[in-house]
> 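Take this structure first; my questions come after.
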2 protein chains.
Amino acid sequence: MRISEAATASGLRVDTIRYYEATGLVPKVARGSDGHRRFSPENVEWLSLLYWLRETGMPMKVMKRFAELYAAGNETIPERKAILMDHSKLLQMRRENLDRCEDVLARKLEIYEDYLT
Amino acid sequence: MRISEAATASGLRVDTIRYYEATGLVPKVARGSDGHRRFSPENVEWLSLLYWLRETGMPMKVMKRFAELYAAGNETIPERKAILMDHSKLLQMRRENLDRCEDVLARKLEIYEDYLT
DNA sequence: CCTTGACCTAGAGTAACTCGAGGCCGGTAT
DNA sequence: ATACCGGCCTCGAGTTACTCTAGGTCAAGG
């Protein structure tokens with residue numbers, strides 16, 4: 001798979017994929033004889049996991065650590081599991097933030113209604 | 001109210017408040033005879049609204065526009081209302097993202113369980 | 001009187017992209 | 001045949017939204 005296809009498949013942009021590879025977030029991407037990247041299905045699955053982690057606010061430092069563990073093999077699964085479970089807690093906090101913001105917006109909008117009527 | 005108090009009251013950091021003021025996100029903050037900022041209750045309420053908008057991902061450009069409208073007076077309320085309602089839609093999308101990410105994490109964690117047992 | 005702490009400004013540094021310049025290569029329209 | 005086009009490459013600069021540092025003022029406490 002070429003980089004543009006990997007981009008549409010994962011949700012990341014081509015620039016972001018290159019950037020992630022350069023900073024070590026994507027292990028061992030193969031190259032064709034033309035020097036262009038060739039993404040394996042495993043690569044693409046990894047990229048789309050990164051997409052979701054980023055989309056929900058995981059810092060790159062943590063993604064970096066996660067990628068190193070991933071590259072190191074299956075004996076690192078317990079630590080990877082811990083990272084994902086931590087992130088899941090963060091998702092919970094974000095959800096609460098969304099709820100609170102929704103409240104704030106609702107109250108503000110109500111005040112606007114009062115002004116407009 | 002001094003800047004540090006405004007910070008704890010709003011959730012923003014002191015540096016962020018100064019930065020927001022410098023870029024025009026906070027209208028007319030008064031100064032004491034010592035040259036230090038004095039935040040009115042209205043200022044503080046505004047800051048905490050900014051806090052929630054930022055926390056849930058509103059870009060500064062939009063916040064800037066919102067601040068200009070706020071400074072311009074009550075006849076801009078319809079446009080302000082539109083901005084907040086747009087943002088509310090964005091919150092909805094973020095919530096869906098959180099859900100989808102939660103799914104991805106759950107599936108990944110399940111796979112880890114299989115490896116570990 | 002000296003230091004501590006909260007505040008000030010201006011400017012540099014950081015995170016995470018994002019874009020632009022300049023260049024290679026394979027395919028197709030003239 | 002050659003001119004051009006699109007997709008890929010690298011490297012380096014630019015952007016957003018902070019965040020921190022350096023250097024300085026001033027009021028209050030030991």
Side-chain angles (χ1 to χ4, degrees), chain A residues 1-26 28-40 43-44 46-68 83 87 90 94 97 101, chain B residues 1-26 28-40 43-44 46-68 83 87 90 94 97 101:
Chain A
M1 224 187 213
R2 303 185 140 271
I3 196 167
S4 64
E5 302 169 288
T8 40
S10 67
L12 295 169
R13 301 190 185 180
V14 290
D15 283 337
T16 309
I17 293 177
R18 282 199 273 258
Y19 171 64
Y20 278 4
E21 195 203 354
T23 52
L25 286 184
V26 192
K28 53 185 161 37
V29 180
R31 298 286 179 128
S33 54
D34 52 2
H36 294 186
R37 291 172 184 80
R38 292 301 148 80
F39 294 85
S40 69
N43 283 152
V44 174
W46 177 250
L47 287 174
S48 85
L49 178 56
L50 290 185
Y51 170 80
W52 285 111
L53 294 178
R54 179 202 64 172
E55 200 66 11
T56 51
M58 180 179 283
M60 276 189 64
K61 260 190 190 172
V62 182
M63 287 203 263
K64 184 85 190 294
R65 177 80 188 132
F66 191 60
E68 285 162 5
I83 289 175
H87 189 62
L90 193 129
R94 286 215 191 284
N97 269 4
C101 187
Chain B
M1 225 188 211
R2 304 186 139 269
I3 197 168
S4 63
E5 301 169 288
T8 41
S10 66
L12 296 169
R13 301 190 186 180
V14 290
D15 284 336
T16 308
I17 293 177
R18 282 199 273 256
Y19 170 64
Y20 278 5
E21 196 202 354
T23 52
L25 287 184
V26 192
K28 52 184 163 40
V29 180
R31 300 284 179 130
S33 54
D34 51 3
H36 294 187
R37 290 171 184 82
R38 290 303 148 78
F39 295 85
S40 70
N43 284 150
V44 174
W46 177 251
L47 287 174
S48 85
L49 178 55
L50 291 185
Y51 169 80
W52 285 110
L53 295 178
R54 179 200 66 171
E55 200 66 9
T56 51
M58 179 179 284
M60 275 189 66
K61 258 189 191 173
V62 182
M63 287 202 264
K64 184 83 191 293
R65 178 80 188 131
F66 190 61
E68 284 161 7
I83 289 175
H87 189 62
L90 193 129
R94 285 213 191 286
N97 270 3
C101 186

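Throughout, protein chains are lettered first and strands after them, A, B, ... in sequence-line order, and every chain is numbered starting at 1.
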> I need the A/Arg94 CZ to B/Cys101 SG distance, nearest 0.5 Å.
10.0 Å
> Please list, chain by chain and in numerical order, all residues satisfying ring-ring contact (aromatic ring centres under 6.0 Å, His included) with A/Phe66, sequence neighbours excluded.
A/Trp46
> Regarding A/Arg38, tell me which of base, sugar-phosphate or nothing describes its non-hydrogen contacts under 4.0 Å with the strands shown.
nothing
> For A/Ser4, give me all partners under side-chain hydrogen bond (donor to acceptor under 3.5 Å, both in side chains), at least two apart in sequence or on another chain.
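Scan of A/Ser4 (side-chain hydrogen bond (donor to acceptor under 3.5 Å, both in side chains), adjacent residues dropped) gives none.
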> Please identify each residue that fulfils side-chain contact (heavy atoms from CB on, under 4.5 Å) with A/Asn97, with sequence neighbours left out.
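Residues passing side-chain contact (heavy atoms from CB on, under 4.5 Å) with A/Asn97: A/Arg100, B/Trp52, B/Glu55.
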> Using the side-chain hydrogen bond (donor to acceptor under 3.5 Å, both in side chains) criterion, which residues pair with A/Thr56? Sequence neighbours excluded.
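A/Thr56 satisfies side-chain hydrogen bond (donor to acceptor under 3.5 Å, both in side chains) with A/His87 once adjacent residues are dropped.
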> Got a list of protein N/O to nucleotides 14-19 of chain D N/O distances below 3.5 Å?
from   : atom 1 : to      : atom 2 : distance (Å)
D/dA17 : OP1    : B/Met60 : N      : 3.0
D/dC18 : OP1    : B/Arg54 : NH1    : 3.2
D/dC18 : OP2    : B/Tyr20 : OH     : 2.5

> From NE2 of B/His36 over to P of D/dT25, roughly how many Å is that when rounded to an integer?
12 Å
> Go through the structure and list residues passing side-chain contact (heavy atoms from CB on, under 4.5 Å) with B/Tyr19, not counting sequence neighbours.
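B/Thr23, B/Met60.
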> Return the value, rounded to whole Å, for the distance between atom CE of A/Met1 and atom P of D/dC8.
12 Å
> Taking side-chain hydrogen bond (donor to acceptor under 3.5 Å, both in side chains) as the test, write out the residues that go with A/Arg18, two or more places apart.
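side-chain hydrogen bond (donor to acceptor under 3.5 Å, both in side chains) list for A/Arg18, sorted by chain: empty.
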> If the condition is side-chain contact (heavy atoms from CB on, under 4.5 Å), which residues does B/Arg38 pass it with, not counting sequence neighbours?
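Residues passing side-chain contact (heavy atoms from CB on, under 4.5 Å) with B/Arg38: B/Arg2, B/Asp34, B/His36.
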> Rounded to whole Å, please give me the gap between CD in A/Glu21 and C1' in D/dC8.
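Value for this atom pair: 13 Å.
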> Quick check for you: name the first and last nucleotides of DNA chain C, 5' to 3', having an atom under 4.0 Å from a heavy atom of chain A.
C/dA16 to C/dC19
> For A/Ser10, which residues count as a side-chain hydrogen bond (donor to acceptor under 3.5 Å, both in side chains) partner, sequence neighbours excluded?
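Applying side-chain hydrogen bond (donor to acceptor under 3.5 Å, both in side chains) to A/Ser10 gives none.
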> Using the side-chain contact (heavy atoms from CB on, under 4.5 Å) criterion, which residues pair with B/Ala6? Sequence neighbours excluded.
B/Ile17, B/Phe39, B/Val44, B/Leu47
> Provide the closest heavy-atom pair for B/Ala67 versus B/Gly24 in the form atom of the first, atom of the second, distance.
CB-O, 3.7 Å
> Looking at residues 2-9 of chain B, who's got a heavy atom less than 4.0 Å off DNA chain C?
B/Arg2, B/Ile3, B/Ser4
> Would you mind classifying the nucleic acid contact of B/Arg18 as base, sugar-phosphate or nothing, using non-hydrogen atoms under 4.0 angstrom?
base
